[in-house]
Number of protein chains: 4
Amino acid sequence: MTEKDTKIPKDPEKITRIMTNALDEFAHHGYRGTKTANIADKAAVSKGIIFRYYGNKAHLYLATVKYATDHIMAVADYRVWQDSQDLGEMIANATKYKIQLQLKYPEEFKVLLDAYAEVGDAPAPLKHEIAQFYAQQTSGNIKALIAPVLDRLAIRDDVSRESIQNLMMGMMTQIGAETKAFMQKHPQASLTDFDTIIKHAKQYVTILEHGFLKKS
Amino acid sequence: MTEKDTKIPKDPEKITRIMTNALDEFAHHGYRGTKTANIADKAAVSKGIIFRYYGNKAHLYLATVKYATDHIMAVADYRVWQDSQDLGEMIANATKYKIQLQLKYPEEFKVLLDAYAEVGDAPAPLKHEIAQFYAQQTSGNIKALIAPVLDRLAIRDDVSRESIQNLMMGMMTQIGAETKAFMQKHPQASLTDFDTIIKHAKQYVTILEHGFLKKS
Amino acid sequence: MTEKDTKIPKDPEKITRIMTNALDEFAHHGYRGTKTANIADKAAVSKGIIFRYYGNKAHLYLATVKYATDHIMAVADYRVWQDSQDLGEMIANATKYKIQLQLKYPEEFKVLLDAYAEVGDAPAPLKHEIAQFYAQQTSGNIKALIAPVLDRLAIRDDVSRESIQNLMMGMMTQIGAETKAFMQKHPQASLTDFDTIIKHAKQYVTILEHGFLKKS
Amino acid sequence: MTEKDTKIPKDPEKITRIMTNALDEFAHHGYRGTKTANIADKAAVSKGIIFRYYGNKAHLYLATVKYATDHIMAVADYRVWQDSQDLGEMIANATKYKIQLQLKYPEEFKVLLDAYAEVGDAPAPLKHEIAQFYAQQTSGNIKALIAPVLDRLAIRDDVSRESIQNLMMGMMTQIGAETKAFMQKHPQASLTDFDTIIKHAKQYVTILEHGFLKKS
DNA sequence: CATGAATGAGTTTTCATTCAT
DNA sequence: TATGAATGAAAACTCATTCAT
């Protein structure tokens with residue numbers, strides 16, 4: 001693959017069109033359910049060029065997953081995670097930001113979500129590659145982003161740092177689920193419509209910080 | 001479909017063999033990636049019988065999804081969720097139980113997880129059926145199971161019941177993720193190997209109950 | 001086949017049900033298009049018995065063709081053809097009779113009509129058998145039936161007997177076509193509705209007898 | 001269908017090879033009895049291209065029926081029917097011509113003959129299409145062709161024009177039957193071998209014109 | 001280099017025929 | 001002997017991949 005990358009000159013515009021449409025197709029039909037011919041058609045590109053550029057469907061898929069991540073990472077502004085003393089505000093900002101991202105790049109999210117599941121399906125040699133690639137992204141990052149904020153907080157002695165991080169990941173997942181559900185019910189929703197979810201996010205942080213039991 | 005069901009007598013043993021192996025294949029290769037011939041082979045049954053029993057691949061898939069759910073639901077013993085005064089103990093038990101289930105029925109879990117994603121792909125008429133089926137299961141239940149336990153606890157006035165439930169769902173998801181990751185690293189693990197995860201679960205509950213900030 | 005005929009005792013009632021329904025199915029779907037399972041179902045008989053009685057589908061078909069002919073021949077009353085001095089009246093009677101028959105046994109007619117065409121299709125060894133069987137029926141007979149009536153008429157010296165017979169066969173075919181067309185337009189028609197066609201028949205005979213040119 | 005026709009470019013030479021061989025196969029084995037693989041093989045073309053071009057077997061069949069008609073119609077020279085004052089000579093010419101055609105395009109004739117019968121069998125949506133297509137051809141034309149010649153003849157007052165036309169159709173059918181029978185007995189026959197049949201044709205016309213009864 | 005028509009291995013699906021009960 | 005569930009060979013159809021233009 002790396003070999004081909006260097007040997008074959010690629011038209012950046014075609015690359016973009018292919019990636020965009022591959023993303024769309026893979027997001028909607030999964031790996032096996034997507035037909036290369038459809039991607040080529042929608043991208044206004046010949047089937048031949050896809051195979052010349054990517055070698056085969058499996059590599060096209062991998063490239064698409066990479067593209068999706070790069071795409072999201074490129075626009076992701078990590079300052080929203082870090083520029084905050086207050087954990088609740090930070091999570092609220094992050095949630096807001098993630099929703100914005102998801103509203104703007106739904107296909108990227110879908111493909112990224114599927115990728116890991118598909119792994120077991122894709123032609124054997126790619127399994128590892130995709131799995132490893134996927135592992136770099138996601139959870140690891142979130143933990144890292146939360147870390148500096150935690151440093152500034154006074155934490156109970158009987159609570160491990162990791163537990164907090166994990167719980168916050170679970171919380172993020174839960175927020176993600178709520179977001180997804182909301183988006184399905186209101187496909188045309190804009191950011192302001194998600195205020196409720198963001199309020200929830202703040203509540204969640206408050207609970208995590210102070211617990212939900214009455215102090216006796 | 002229901003019409004055919006009554007017309008065609010089915011050998012329960014063959015049904016079992018077909019379902020078991022369909023489950024296995026669908027779990028490992030997805031809908032498109034699974035070949036009916038393989039299922040037939042592994043089930044020691046002729047290709048013909050699968051079409052006799054299920055009409056076509058799409059209906060076989062649907063039947064498999066139904067089978068997976070029925071199977072899990074049949075063995076799921078919800079009392080482990082409810083017979084507990086202590087929330088930490090309850091979650092620990094639930095986690096333990098869920099791990100046991102997942103260790104015992106990994107394919108069922110996989111297929112169930114995929115089903116919803118595959119829906120968009122499956123022959124149109126099945127979409128609705130699968131979607132509806134999927135909706136019945138999942139989150140709704142967990143909330144209901146947690147509810148009675150929350151009733152017995154003294155909850156802070158500034159915290160909504162729903163927030164707690166949602167956070168606990170996020171927590172369960174997180175535990176699920178940890179479990180999955182662990183199972184992938186140690187495919188042969190048995191229940192006792194998951195003690196760490198169960199300890200985590202208890203910690204999470206403690207944090208949720210008392211918060212992680214030092215009382216100032 | 002003859003071997004089987006003697007060895008296997010057959011339940012006459014089942015034979016009838018099989019033949020009746022085979023007739024129906026073959027008439028509507030042709031040889032290849034007919035499924036033995038359907039015949040068995042409609043005849044309230046097991047598939048097994050059909051193969052026990054007839055050996056295979058091809059022989060079942062042959063038997064059905066024979067059955068159709070026998071059936072029609074059994075009810076056909078040839079006296080209507082012969083008990084007439086007047087050729088016009090005879091053809092009118094014959095037409096009337098044939099229509100009655102065709103109204104009553106449409107499937108038999110259809111199968112008989114198809115049989116010859118199917119011959120080229122049916123498993124090789126049967127070809128000859130069907131062809132020969134078919135040859136016995138049809139035209140040969142009609143010629144024979146017309147013969148005695150012609151004997152009583154004074155025929156022009158420059159006209160061969162055979163030509164007359166052939167033309168009359170063509171005429172019968174034409175009447176048959178008109179009948180068929182009429183039946184397709186009016187599926188519920190009864191004999192009296194065919195008066196026009198019978199009038200045509202008489203006209204045809206008149207023309208054949210006296211020609212259509214003005215005597216100069 | 002028309003949509004696909006424009007989207008998929010077709011190699012005229014391959015079309016020809018496919019049509020020719022489809023014609024041959026369908027003529028000899030009927031719709032159900034014909035295997036697309038065989039057509040592909042004989043046409044020196046891949047199976048895939050047939051489905052690319054025609055979508056499925058049913059449409060291939062329809063295309064073949066159309067092809068057969070177009071083919072025959074293209075070479076049919078209707079002047080032989082019209083450029084004649086003498087009815088006998090006209091029918092003789094027409095017969096001669098039809099025999100030539102049938103000798104040259106036996107498969108086309110066979111398929112065309114079968115098509116109507118198969119109609120009831122073919123996948124539902126095609127029924128209408130085939131039926132309508134077939135109706136255009138056949139008898140209607142013959143009547144029209146005979147009409148102008150009849151105009152020039154002095155016809156008896158008690159004879160309807162339609163009766164004459166119908167009788168002549170019957171006569172043509174009869175000649176057709178004789179031709180078919182002869183061709184089956186002598187598969188290698190050339191046009192001159194059919195002189196007897198043509199003589200018959202003339203006789204038939206004479207009889208129709210002057211009747212076969214002695215003028216008393 | 002790019003194209004997209006053609007290929008054919010691989011899948012799904014059908015149905016005459018068998019054979020355990 | 002009768003049954004009809006099961007079989008699997010044979011047919012229809014799909015689609016990633018190639019290669020002549």
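Quick note on labels: first sequence line is chain A, next is B, and so on, each numbered from 1.
- Rounded to whole Å, the distance from OH on C:Tyr54 to P on F:dA2 is 13 Å.
- In this model, the phosphate group of F:dA5 is approached by a side-chain N or O of B:Arg52 to a distance below 4.0 Å at OP1 or OP2.
- If you take CG of D:Asn38 and C1' of F:dA11, they are 10 Å apart, rounded to a whole angstrom.
- A distance of 9.5 Å separates CD in C:Glu25 from CD in C:Glu107, rounded to the nearest 0.5 Å.
- Side-chain atoms of C:Tyr31 come within 3.5 Å of backbone atoms of C:Ala58 as a donor-acceptor pair (strictly under, hydrogens ignored).
- As rounded to whole Å, 10 Å separates atom P of E:dA5 from atom CD1 of D:Ile49.
- We find that CG of B:Asp41 is positioned 17 Å from P of F:dA6, with the value rounded to whole Å.
- Judged by distance alone, the side chain of C:Lys57 and the main-chain N or O of C:Lys35 form no donor-acceptor pair under 3.5 Å.
- B:Tyr53 contributes no side-chain N or O that, together with a main-chain N or O of B:Lys14, makes up a donor-acceptor pair within less than 3.5 Å.
- With rounding to the nearest 0.5 angstrom, the CG atom of A:Asp11 is 8.5 Å from the CD1 atom of A:Ile18.
- For the pair C:Thr34 and C:Asn38, the minimum side-chain heavy-atom distance is 4.5 Å or more.
- In this structure, CD1 of B:Ile8 is placed 10 Å from C1' of F:dA5, rounded to the nearest angstrom.
- Two residues, A:Val45 and D:Ser46, neighbour DNA chain E, and the one matched to the more 5' nucleotide by heavy-atom proximity is A:Val45.
- The CZ atom of A:Phe26 lies 4.5 Å from the CG atom of A:Leu60; values are rounded to the nearest 0.5 Å.
- Rounded to whole Å, the distance from CD on C:Glu25 to P on E:dC15 is 12 Å.
- Checked against F:dA2, E:dT7, F:dA5, the side chain of B:Tyr53 finds its nearest nucleotide in F:dA5.
- A donor-acceptor contact shorter than 3.5 Å is absent between the side chain of D:Tyr67 and the backbone of D:Ile15.
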Once base and sugar-phosphate atoms are separated, protein heavy atoms under 4.0 Å mark nucleotides 15-21 of chain F, 5' to 3', with B, S and - as SSBB---
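- At its two ends the helix from E:dA2-F:dT21 to E:dT21-F:dA2 runs along axes set 10° apart, each axis drawn from five pairs and the angle rounded to 10°.
- We find that NZ of C:Lys14 is positioned 6 Å from C1' of F:dA2, with the value rounded to whole Å.
- Atoms CD1 (A:Ile39) and P (E:dT3) sit 16 Å apart, rounded to a whole Å.
- Checking side-chain atoms of C:Lys42 against main-chain N and O of C:Arg17 turns up no donor-acceptor pair under 3.5 Å.
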